[in-house]
Protein chains: 2
Amino acid sequence: MQSDASNIRQVAAIAGVSIATVSRTLQHPELVKAETREKVLAAVRQTNFVSNAQARTFRQQATKAVIVLVRDIGNPFYLEIYKGIDEVAREAGFRVLLSDARDDDAQVQQHIEMVRQKQADGLILMVGHFPAELTEKIDQLPPLVIASEAFPGLDLPTVKVDNAQASRQAIAYLVNEGHRRIVHLAGPLPEQLALERLEGYRAGLREAGISYNDKLVVPGDYSIEAGRSAVRRLREADTEFSAIFAASDQMAIGAISELRRLGQKVPEDISVVGFDDIILADAMDPPLTTIRQPRREIGRQAMSMMIARLSGETARTVVELPTELVPRESVRRARPLDS
Amino acid sequence: MQSDASNIRQVAAIAGVSIATVSRTLQHPELVKAETREKVLAAVRQTNFVSNAQARTFRQQATKAVIVLVRDIGNPFYLEIYKGIDEVAREAGFRVLLSDARDDDAQVQQHIEMVRQKQADGLILMVGHFPAELTEKIDQLPPLVIASEAFPGLDLPTVKVDNAQASRQAIAYLVNEGHRRIVHLAGPLPEQLALERLEGYRAGLREAGISYNDKLVVPGDYSIEAGRSAVRRLREADTEFSAIFAASDQMAIGAISELRRLGQKVPEDISVVGFDDIILADAMDPPLTTIRQPRREIGRQAMSMMIARLSGETARTVVELPTELVPRESVRRARPLDS
DNA sequence: ATGAAAGCGCTAACAA
DNA sequence: TTGTTAGCGCTTTCAT
């Protein structure tokens with residue numbers, strides 16, 4: 001079995017010093033005479049001693065860990081954000097624990113509970129929903145940072161992009177290519193993130209003098225499968241369109257795959273713009289035109305805000321990072337008849 | 001700030017009972033008289049008390065947490081495994097923490113350290129490398145389970161598939177479609193997992209009477225980018241081939257994308273078989289023929305083995321789960337000239 | 001430079 | 001049924 005059972009007391013006994021000295025040797029070696037230090041370190045080696053982190057963090061009342069709760073761990077979009085978080089966390093000596101909220105609304109509650117129970121110092125949220133019953137208790141909440149999402153009326157530190165603006169840009173791009181019947185594969189309405197992108201879609205249409213048609217808006221959960229079934233529904237309703245603006249690359253990919261199955265080619269028949277610029281976007285056939293989010297940076301900023309919050313700063317800021325439209329090959333000029 | 005600072009003592013004071021009774025009410029309510037229980041629960045509500053998990057696990061000497069260390073958190077393949085792990089972990093009251101080893105070999109060490117420090121009860125490894133210096137100390141290691149990978153000469157509980165057999169099947173399939181010049185996009189050699197798949201590739205060729213040509217084997221790290229650059233290298237060397245067998249779907253996807261860029265069509269010009277059957281495989285153009293691994297089940301088994309190990313069972317087993325070749329549209333009969 | 005001792009918040013054995 | 005009490009392993013005053 002394990003070489004366990006070694007604790008600070010045994011080390012102290014073997015080294016012939018007090019446990020305080022052992023602790024000191026390990027925590028603040030400079031306070032210990034070199035000679036004593038050697039004895040202690042020898043004893044540590046001999047017993048194969050590793051100090052019990054649980055006891056230490058318990059004693060110190062801080063875990064140096066942060067939980068990241070994500071809408072869907074299977075979406076590569078979040079992973080880049082996670083890596084950004086992880087980078088600055090490491091630099092600051094924090095561990096980061098990743099968790100998956102899946103469709104489970106109670107997960108936010110549960111993870112807030114975890115930090116209240118001191119399993120972690122703070123919680124970074126990338127989920128669509130915030131339990132209403134917690135909204136009022138905002139001042140009783142543990143350290144929270146929102147990344148990529150936003151909750152209306154909730155005054156919490158947030159890192160996001162200007163979704164409405166990014167969407168407007170996507171629509172302007174499609175309109176400029178001659179498209180007028182543009183479908184929007186939205187996120188799960190009425191979540192704030194989905195709403196913002198939808199609002200940008202509407203603004204884009206408005207600016208182009210195109211009237212809004214809610215038959216052209218199909219909500220989904222950002223997954224590949226959602227993209228597929230949206231196209232299926234559109235087809236069943238005989239809805240006509242020449243372009244799709246999807247609220248996630250995954251939905252765009254699903255949509256393209258389903259269009260193909262139905263005999264429609266992208267971009268020859270239908271143009272598609274995605275959102276996120278996941279790594280896959282560029283490996284698709286056709287390579288996907290999409291809105292790039294600075295994912296790494298979103299993560300880095302989120303963790304920075306968390307660290308600030310944890311060291312007592314109280315600023316409630318919303319940071320908005322820039323997006324960028326990346327033209328690839330999934331968009332083509334609309335056929336004249338359509339425009 | 002937070003509503004913290006409430007601890008078991010305050011609750012006890014308010015409820016007019018001892019702290020033991022508070023603890024009991026929370027841990028074993030059936031041992032407490034209903035009336036008392038009510039008083040306590042009222043006090044709990046009033047103080048907004050949540051018991052400090054850190055103190056509890058510290059006291060109980062078990063964290064009820066398991067760490068999952070993954071080769072590359074960005075590869076969707078692992079996420080399904082993770083979900084399988086998570087499922088059985090939850091049932092058994094364990095939390096699971098996901099961590100990314102990226103290219104960092106020291107991560108295994110570091111995470112072993114974490115469990116030695118009692119941050120978690122055990123470690124599930126899905127990485128390609130095991131630090132040599134630990135191999136000898138195998139009996140001093142904390143509870144470890146290997147999933148999807150394998151380490152030669154390391155007698156640890158392992159869940160995997162029969163990689164060699166699966167690869168042979170893929171090659172047989174391609175050979176049966178008339179292919180003879182088959183490239184293998186291997187994993188990072190000489191890792192065991194990569195080796196096993198390579199061995200299956202060779203065996204498949206052997207059975208078909210095709211001689212092995214090491215120019216047709218290009219190693220990579222399972223990523224999309226690795227698939228791309230492998231094809232680029234093949235092209236630069238003017239290597240001819242009519243089919244590719246990739247050791248991961250991601251590499252297959254990268255390869256297809258690069259082939260397209262070079263003007264070669266899949267499957268018309270080149271046939272491709274992947275490995276894993278990630279969700280994306282079916283959404284590609286063309287949908288990817290691949291080897292399906294029972295990912296969910298791999299995860300479930302791995303966690304079951306961990307739980308067994310944690311409850312003192314000592315069996316060192318290797319469980320091998322079945323794979324399945326999923327024919328889709330990325331393979332076509334080789335042109336006569338090629339065979 | 002080192003040691004003695006208090007105590008982080010909780011659980012569980014034991015006593016009442 | 002409830003209370004008293006002894007730690008879990010460590011860090012950190014405070015004394016020496």
Side-chain angles (χ1 to χ4, degrees), chain A residues 2-41 43-44 47-64 93 113-121, chain B residues 2-41 43-44 47-64 93 113-121:
Chain A
Q2 281 160 256
S3 64
D4 260 15
S6 84
N7 64 22
I8 201 173
R9 238 176 306 276
Q10 298 177 19
V11 177
I14 293 182
V17 299
S18 74
I19 62 170
T21 299
V22 176
S23 176
R24 240 176 255 130
T25 306
L26 267 18
Q27 303 301 317
H28 315 281
E30 71 282 4
L31 299 181
V32 176
K33 189 165 60 169
E35 201 180 330
T36 319
R37 197 161 41 198
E38 282 320 313
K39 273 193 302 188
V40 172
L41 291 177
V44 164
T47 52
N48 207 353
F49 171 71
V50 233
S51 91
N52 183 321
Q54 214 159 273
R56 182 180 33 226
T57 59
F58 169 49
R59 169 63 225 249
Q60 289 173 162
Q61 300 287 78
T63 58
K64 281 292 207 171
E113 210 57 5
M114 280 178 66
V115 357
R116 297 197 60 208
Q117 292 173 8
K118 298 286 165 6
Q119 316 241 62
D121 298 335
Chain B
Q2 282 161 254
S3 64
D4 260 14
S6 82
N7 65 22
I8 201 172
R9 240 177 304 278
Q10 297 176 19
V11 176
I14 292 183
V17 300
S18 74
I19 62 169
T21 299
V22 176
S23 176
R24 239 176 257 131
T25 307
L26 267 19
Q27 303 302 316
H28 314 282
E30 71 281 6
L31 299 182
V32 175
K33 190 166 60 168
E35 201 181 331
T36 320
R37 197 162 41 199
E38 281 320 312
K39 274 194 301 189
V40 172
L41 291 177
V44 165
T47 51
N48 208 353
F49 171 72
V50 235
S51 92
N52 183 321
Q54 214 158 275
R56 184 183 31 243
T57 59
F58 169 48
R59 169 62 224 245
Q60 289 173 162
Q61 299 288 80
T63 58
K64 282 291 205 171
E113 209 57 6
M114 280 178 65
V115 358
R116 294 198 64 208
Q117 292 173 8
K118 298 285 161 11
Q119 316 242 62
D121 298 334

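Just so we're on the same page: letters track the sequence lines, and every chain starts at 1. Only heavy atoms go into these numbers, but all of them, side chains included; no hydrogens, no water, no symmetry mates. Nothing here was measured: the structure is a model prediction, and the numbers come from that model.
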Integer-rounded Å distance: D/dT2 C1' and B/R37 CZ: 14 Å
Can you tell me which residue pairs pass the side-chain hydrogen bond (donor to acceptor under 3.5 Å, both in side chains) test with a partner in residues 25-35 of chain A, sequence neighbours excluded? none
Does any non-hydrogen side-chain atom of B/V40 lie less than 4.5 Å from one of B/T21? yes
Residues in side chain to side chain contact (heavy atoms under 4.5 Å, CB included) with A/A13, at least two apart? none
Please tell me if A/T36 has a side-chain N or O lying less than 4.0 Å from either OP1 or OP2 of C/dA1. no
Donor-acceptor contact present, side-chain A/R37 to main-chain A/P29, <3.5 Å: yes
First locate atom CZ of A/R56, then atom CD of B/Q119, and finally report the distance between them rounded to the nearest 0.5 Å. 7.5 Å
Sequence neighbours excluded, which residues qualify as side chain to side chain contact (heavy atoms under 4.5 Å, CB included) partners of A/T57? B/Q54
So, OP1 or OP2 of D/dG9: does either fall under 4.0 Å of a side-chain N or O from B/Q61? yes
Just jot down the side chain to side chain contact (heavy atoms under 4.5 Å, CB included) partners of B/R59, sequence neighbours excluded, or say none. none
Does a nitrogen or oxygen in the side chain of A/T21 sit under 4.0 Å from OP1 or OP2 of C/dT2? no
For nucleotides 10-16 of chain C, give me one character per nucleotide, 5' to 3': B if any protein heavy atom sits under 4.0 Å from the base, S if the only such contacts are to the sugar-phosphate, - if neither. BBBB---
Rounded to the nearest Å, what distance is computed from the CD atom of residue A/Q10 to the P atom of nucleotide D/dG9? 9 Å
Taking the side chain of B/S18 as its heavy atoms from C-beta onward, which of D/dG9, D/dT4, C/dT2 lies nearest to it? D/dT4
Roughly how far, to the nearest 0.5 Å, is the CG atom of B/L26 from the CG atom of B/L41? 7.0 Å
Which angle, rounded to 10°, do you find between the first-five-pair axis and the last-five-pair axis of the helix from C/dA1-D/dT16 to C/dA16-D/dT1? 40°
